[in-house]
Protein chains: 2
Amino acid sequence: MKSSQVTIKDIAKALNISASTVSRALKDHPDISPDTKKAVMDLADELNYQPNSIAQSLRKRHTNTIGVVIPEIEHFFFSAVISGIEDVAYKAGYNIIITQSNESSEREKQNLQTLFNTRVDGVIASVARDNVNYNHYQNLVDKGIALAFFDRVADEVDTHKVVVDDEFGAHEATVHLITEGYKRIAHLAGPANLTISLNRMNGYKRALNEYGIPIKDEHICICGEGTFEEAETITTQLLNSTSPPDALFANNDMAAYGAMKAIKKKGLSIPEDVAIVGFSNWRFASLIEPALSSVAQPGFEMGQEATRLLIAEINNQSDTPLPSENRILKTNLLVRESSKK
Amino acid sequence: MKSSQVTIKDIAKALNISASTVSRALKDHPDISPDTKKAVMDLADELNYQPNSIAQSLRKRHTNTIGVVIPEIEHFFFSAVISGIEDVAYKAGYNIIITQSNESSEREKQNLQTLFNTRVDGVIASVARDNVNYNHYQNLVDKGIALAFFDRVADEVDTHKVVVDDEFGAHEATVHLITEGYKRIAHLAGPANLTISLNRMNGYKRALNEYGIPIKDEHICICGEGTFEEAETITTQLLNSTSPPDALFANNDMAAYGAMKAIKKKGLSIPEDVAIVGFSNWRFASLIEPALSSVAQPGFEMGQEATRLLIAEINNQSDTPLPSENRILKTNLLVRESSKK
DNA sequence: ATGTTTTATGCAAACGTTTGCGGTTTCGGT
DNA sequence: ACCGAAACCGCAAACGTTTGCATAAAACAT
């Protein structure tokens, strides 16, 4: 970058006034006379003056920037969240800088570091899968920068959180299967160290309990990787077992998809022989055949809400943080062909 | 943010030396004695000193930040690109700040504006659909900031570009249909003002020409919106016309999906009665039934390559820009069930 | 001893803004 | 004429770094 970018000083010099006057004129400060105001305004956009945000940030001690750290960008749910973040951030005049952890807590740590270095006003995060402690997040709030978690939260750090009511969604999905008449409902669970997996499993269990259906351990299978191949082989085993299920509630849609493949390969039909409900309502859920029932998570809204919370905290002038909000967004069960008898 | 963040001055004061010495010590400058070096290093990480990137940026006149403007984050292809960008940017020590235009050139303009204001070192962009001119991009390079386009490029601005070989991909897809034995191949085209749409159409036409198949105007239908509903109704019309096609090449997978719906509704089977090939290889393409053949675009790689080009330009010290690179990435035809007889 | 180089450090300006405070000038009121 | 208050503007410091230059002390060479 060679080209000289025009500064306040240039305008000042050209008009033979001081930089302070230019600065004030530019922001319509009452101390400045209409004449000089007009003069600098005119010159400013003749020269196409653009304020240097870096200098402003340094001086004003805030950057109007919020940092985002997520496990992986390339994932529909997260990109929906980002979009929601961008939406309210943009309207509030904030920039967002994105980092991804690739599910590594080490990388996450570094990201937090550089975000701090660039002095973001706040960060919005969803934690990596392999975290064992959350000191790096705690450090951040200790240094006085605002923090909001979404979806995958760190329970132990006291800050704003917005999650979806996984337990509720799982419960609703399971109840739906029960009331459709299915009796032997299995669960393809997610990795056990993630709160969301547990919550979904709990919702599943609660529903069974409420309807007096015994919970069978062999009907709860953990799909740790999250690939559909994994779910497919697990489902195949399940179908070949001594107590094959007549319905499946999956921890996510990819697992559900794998299960569907297994079911079809075995020559069974969906939903007549085996029904299935997924979780997250990925883009493809409505497109496959039969269309997959799924519990929709409001990703976009989550991003919005997290950002609103964060910005409120950023705007909080007092030196005690706002009381931590814990927003729980409702899921939305979308019943499609895969689960109605 | 109340908490005082430790600065170089704090360290200087504590050690009774000057800020300049601290600064130099921190970066292992040879002028500084080992003793004082050790002293400041020790104190620095005892106090957990973190350099203020804002101040550094202001002083060094670059931010180590690259701006990204894309039509919409919430789209598999773009999120793949972002991921690629993040990948090489991270390794090169750059932050990325993301903006989305939502396909509005007005918003795009604003985004460019704020990116310039935050003095990003360069921007990577894919243009919005409704652009009529690209002055805002030209202004950017005139101001001396590096620019690289990907996928949807502005031909008239002379800068680095990385695109996929749409013409090639479309040609390959069409040839594939021809060699499978299909004779009456229609094309669901994209909006005419986008170069990529034209290139794909041209590839389609070239293939027909090469095989001596006449090009029929009524077999080229523009799907401007990009929704599958649109493609569905258009395909229905096509199938009911006097010269119904026996194969379709669609400008993108969503259109292809709509076409598939139309075909099925009419009671025809895929690929026996009508074959279909899409473009972009969206996530769902392999999951629907029949699995949709599609021309895969290397999104991640595009992001990587664009970023490499951009960083090279940023590092270019001379005041004449590097010669504009024009990288053309090959597509990859994925033949699935929807198109093999 | 003197002169010369080396080593280690500090001064101060600069990056582009913002802002408290003080200083002129102008003007209306008496 | 004089006073007080507006009205308008500039000085300078500050935000946290970096860096050219000067300088002081120490080491070395004569």
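If you're wondering where the values come from, they're calculated on a predicted model, not measured in any experiment. All chains are named by letter (A, B, ...) in the order of the sequence lines, taking the proteins before the strands, and each is independently numbered beginning at 1.
When the nucleotides C:dT19, D:dT17, C:dG10 are ranked by their closest atom to the side chain of B:R24, C:dG10 comes out on top. In the set C:dT18, C:dG16, C:dA13, the nucleotide with an atom closest to the side chain of B:R59 is C:dA13. For A:S20, taking side-chain heavy atoms from C-beta onward, the closest of the listed nucleotides C:dA8, C:dT17, C:dT19 is C:dT19. The nucleotide whose nearest atom lies closest to any side-chain atom of B:S23 is, among C:dC15, D:dT18, D:dC9, D:dT18. For B:K60, taking side-chain heavy atoms from C-beta onward, the closest of the listed nucleotides C:dC11, D:dT18, D:dC8 is D:dT18. When distances run from any side-chain atom of A:I17 to the nucleotides D:dG10, C:dG10, D:dC15, the shortest one goes to D:dG10. Comparing atom distances between the B:D31 side chain and each of C:dT17, C:dA8, D:dC15 picks out C:dA8 as nearest. When distances are taken from the side chain of A:N52 to each of D:dT17, C:dG16, D:dG16, the shortest belongs to C:dG16.
Rounded to a whole Å, the CD1 atom of A:I8 is 19 Å from the P atom of D:dC15. To the nearest angstrom, P of D:dT17 lies 9 Å from CG of B:D10. Distance, B:H29 NE2 to D:dT18 C1': 10 Å, rounded to whole Å. The separation between A:D28 atom CG and C:dT19 atom C1' is 17 Å, rounded to whole Å. Whole-Å rounding puts the A:H62 NE2 to D:dG16 C1' distance at 16 Å. The distance from atom NZ of B:K27 to atom P of C:dT9 is 17 Å, rounded to the nearest whole Å. Atom NZ of B:K37 is separated from atom P of C:dT7 by 12 Å (rounded to the nearest Å). The distance from atom CG of B:D35 to atom C1' of C:dT7 is 13 Å, rounded to the nearest whole Å.
Side-chain contact, B:E313 with B:N316: a donor N or O sits under 3.5 Å from an acceptor N or O. Under the 3.5 Å distance criterion, with hydrogens and angles disregarded, no donor-acceptor pair is assigned to the side chains of B:N52 and B:Q5. There is a side-chain donor-acceptor pair under 3.5 Å between A:Q100 and B:S83.
In terms of modelled atom types and a separation under 3.5 Å, the side chain of B:E103 and the main chain of B:R129 share a donor-acceptor contact.
Across every non-hydrogen atom of B:I85 and B:T307, the tightest pair is CA-OG1, 3.3 Å.
With contacts defined as side-chain heavy-atom distances shorter than 4.5 Å, the pair B:T63/B:T118 does not qualify.
At least one side-chain nitrogen or oxygen of A:Q56 sits closer than 4.0 Å to the OP1 or OP2 atom of C:dT18. Put simply, A:S18 has no side-chain N or O that comes within less than 4.0 Å of OP1 or OP2 on D:dC9.
No contact: A:S57 has no heavy atom under 4.0 Å from any strand. Base engagement by B:K9 is indicated by at least one non-hydrogen atom pair under 4.0 Å involving a base atom. The residue B:N16 sits close only to the backbone: its heavy atoms come under 4.0 Å of sugar-phosphate atoms, none of a base. B:I54 comes within 4.0 angstrom of nothing in the nucleic acid, heavy atoms only. As judged by a 4.0 angstrom heavy-atom cut-off over every strand, B:T7 is placed among residues touching the sugar-phosphate backbone only.
Within 3.5 Å, no donor on the side chain of A:S33 pairs with an acceptor on the base of D:dC9, nor the reverse.
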